[in-house]
Novice: 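Pasting a structure below so you can have a look.
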Protein chains: 2
Amino acid sequence: MSISPAALEAAHLIDRLERLTRAGDAPGGINPAQWEALRYLARANRFSRTPAALADYLASTRGTVSRTLASLESKGYVARMPNPRDGRSVDFALTAQAQKALRRDPLKAMAEDIDRALRQDAADLVDRLKRTLGTAIARNQGRAFGACASCRHFCPQAHAAAAAPHHCRLLDVPLSDKDSLAICVEQEPAAMPPSRAAGRAAMP
Amino acid sequence: MSISPAALEAAHLIDRLERLTRAGDAPGGINPAQWEALRYLARANRFSRTPAALADYLASTRGTVSRTLASLESKGYVARMPNPRDGRSVDFALTAQAQKALRRDPLKAMAEDIDRALRQDAADLVDRLKRTLGTAIARNQGRAFGACASCRHFCPQAHAAAAAPHHCRLLDVPLSDKDSLAICVEQEPAAMPPSRAAGRAAMP
DNA sequence: ACAATTGATTTCGAGTAGCAATTATGTCCA
DNA sequence: TGGACATAATTGCTACTCGAAATCAATTGT
């Protein structure tokens, strides 16, 4: 039931590292929360670029991300379009201006520090952080937001010789190679969980 | 000049981990920035509990931390007292209420995740994060905020058999065992730096 | 003694954040 | 077919963060 001093120290360091990165962010009128939204949109597949998905990803509320996206839209970083399959929903996409801004993502400064400090040990750090994040997400009863390719609904090479050879059994759509590397709201790790309904029911 | 994919991924994971911890914070009316201030005050020595030091630590501005501390004061978490050595300066201290609140620090949830996910590998994670943070601080031209015991002005066992056996050569004051583990604004790693003046001159 | 520096605070504007209420769809079932 | 209910997004409200610039007081260097 007690927490190890090393783990507490590690949590402290993660907090501090993130703090320094956030503080040292570049000009351009993009706030930390807005950067997180841009990063998400850059990695999310076409079924996941909605305010609701982003709110889940950030463990925030829909009201908050609605404002964040409105702010990004007014600055020209994202564009909004109606969702063809659900009239209530809205899809967002990055503009060229956002693609350009992401090339100066302040997170890259932290990545540089990691490279400088650890050289090839970085892979080891990634492994440990991944395991920790998995645990944290489970505790938060959140969604994993992993890549399609590691999802239990992913069916590789379902359509031979097509431009989109893979397939999602949940949404029943074909997926390209690029799609299969994007993150998805609906993604569920391929391993154990018995059914989607059971997984959802477990989070009241 | 290019950033390794592993480092970028690690930066991403650190960002996300911190985000989830921040979002899942407990009730009690303490916001993330306020938690950071409480954590700092809990670890800082008696020469470092001022708004200016906290602003440096958080890589924020004095105006911002002034507001944060005022907010904490109005909620009864910190108490303010004049600094005897400098009439401009103000010292802050945690109240009993804050000590109690810190026992429910949301950061402990992340520490638990680390323990659960990594077991004894946590020490390894700490090592990698420490090296990275050192690099990040150097890049930001910030102060290290390390413990007295690892400072170049620290003189261990200067006063034999006293309650405060150690000594700080910079401030010319005796230090207890407990003091020597606290973090300090003035701390400078014991290793290489030639002089304090030179270190300061390096920050425009 | 006086100018420059430093510590703290305040004001201002933009934005984040959570909660609750609202509107517009979509879904399910009797 | 309706009606009840669930869901997506947004907005009003309030509290707070954050940075920049201005102000005031105390200290330091020359």
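Below, all heavy atoms of this structure are taken into account, side chains as well, without hydrogens, waters or symmetry copies. Numbered from 1 within each chain, the chains take letters A, B, ... in sequence-line order.
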Novice: Take the protein atom CH2 of A:Trp35 and the nucleotide atom P of C:dT16, then report the distance between them rounded to whole Å.
Specialist: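 These atoms are roughly 14 Å apart.
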Novice: Please report, rounded to the nearest Å, how far the P atom of C:dA17 is from the CD atom of A:Glu36.
Specialist: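 Atom-to-atom, A:Glu36 to C:dA17, this comes out as 8 Å.
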Novice: Rounded to the nearest angstrom, tell me the gap between atom CG in B:Asn83 and atom C1' in C:dT6.
Specialist: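 Distance check: B:Asn83 CG to C:dT6 C1' gives 13 Å.
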Novice: For DNA chain D, which residues of residues 86-103 of chain A approach it to below 4.0 angstrom with any heavy atom?
Specialist: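 Correct list: A:Arg88, A:Ser89, A:Val90.
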Novice: Find the distance B:Asn31:CG to D:dC18:C1' and express it as a whole number of Å.
Specialist: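 Spelled out: CG on B:Asn31 to C1' on D:dC18 is 13 Å.
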Novice: For A:Ile30 and D:dC18, what is the distance between atoms CD1 and P respectively, to the nearest whole Å?
Specialist: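 In whole Å, D:dC18 P and A:Ile30 CD1 are 18 Å from each other.
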Novice: Going through the distances and angles, do A:Ser71 and A:Lys75 end up as a side-chain contact (heavy atoms from CB on, under 4.5 Å)?
Specialist: CA-CA 6 Å; A:Ser71 179; A:Lys75 287 188 253 183; 3.6 Å; yes
Novice: Once you round it to whole Å, what is the distance between C1' of C:dG7 and CD of B:Glu186?
Specialist: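 It is 14 Å, rounded to the nearest whole Å.
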Novice: Inspect the contact between B:Arg80 and B:Asp91 and indicate whether a charged nitrogen and a carboxylate oxygen are less than 4.0 angstrom apart.
Specialist: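 Salt bridge flag = no for B:Arg80 with B:Asp91.
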Novice: Given C:dA14, is OP1 or OP2 found less than 4.0 Å from the side-chain N or O atoms of A:Gln34?
Specialist: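 Answer is no, no contact under 4.0 Å.
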Novice: Heavy-atom nearest nucleotide on DNA chain C for A:Ala33 versus A:Arg85: which residue maps closer to 5'?
Specialist: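 Checking each residue's closest nucleotide, the 5'-ward one belongs to A:Ala33.
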Novice: Report yes if some heavy atom in the side chain of B:Phe145 is under 4.5 Å from a heavy atom in the side chain of B:Cys184; otherwise report no.
Specialist: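 With C-beta onward as the side chain, the pair stays apart.
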Novice: Strictly distance-based, threshold 3.5 Å: is any side-chain N or O of B:His166 a donor or acceptor partner for the main-chain N or O of B:Leu175?
Specialist: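 Not confirmed, B:His166 side chain does not pair with B:Leu175 backbone.
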Novice: Any salt bridge between B:Arg131 and B:Asp127, counting N to O under 4.0 Å?
Specialist: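 Counted as a salt bridge, because a side-chain N and a carboxylate O are separated by less than 4.0 Å.
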Novice: Scan residues 48-60 of chain B against DNA chain D and write down, sorted by residue number, each residue with any heavy atom closer than 4.0 Å; if none is found, say none.
Specialist: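 Output list: B:Ser60.
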Novice: Here's a test of your reading of the structure: between A:Arg62 and A:Arg19, which maps to the more 5' nucleotide of DNA chain D?
Specialist: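 Residue closer to the 5' terminus by nearest nucleotide: A:Arg62.
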Novice: Before accepting this row, confirm whether a basic side-chain N of the pair B:Arg139/A:Asp113 lies closer than 4.0 Å to the acidic partner's carboxylate O.
Specialist: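 Counted as a salt bridge, because a side-chain N and a carboxylate O are separated by less than 4.0 Å.
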Novice: Considering just the side-chain nitrogens and oxygens of A:Thr64, establish if one lies under 4.0 Å of OP1 or OP2 belonging to C:dA17.
Specialist: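 For C:dA17, neither OP1 nor OP2 has a side-chain N or O of A:Thr64 closer than 4.0 Å.
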Novice: Does this structure show an ion pair linking B:Asp15 with A:Arg22, if we count only N-O contacts that are shorter than 4.0 Å?
Specialist: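 Salt bridge between B:Asp15 and A:Arg22, a charged N being under 4.0 Å from a carboxylate O: no.
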Novice: Hey, does the side-chain of A:Arg67 have a donor or acceptor N/O within less than 3.5 Å of a partner on the base of D:dG12?
Specialist: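 Indeed, a donor on one side and an acceptor on the other fall under 3.5 Å apart.
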Novice: Applying salt bridge (charged side-chain N to carboxylate O under 4.0 Å, His left out), name anything that partners A:Arg88, two or more places apart in sequence or on another chain.
Specialist: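 A:Asp86.
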Novice: Kindly indicate, with the supporting measurements, whether the criterion side-chain contact (heavy atoms from CB on, under 4.5 Å) is fulfilled by B:Val65 and B:Tyr57.
Specialist: CA-CA 10 Å; B:Val65 311; B:Tyr57 182 79; over 6 Å; no
Novice: Over all strands shown, is A:Ser71 touching base, sugar-phosphate only, or nothing at heavy-atom distances under 4.0 angstrom?
Specialist: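 Result for A:Ser71 = sugar-phosphate.
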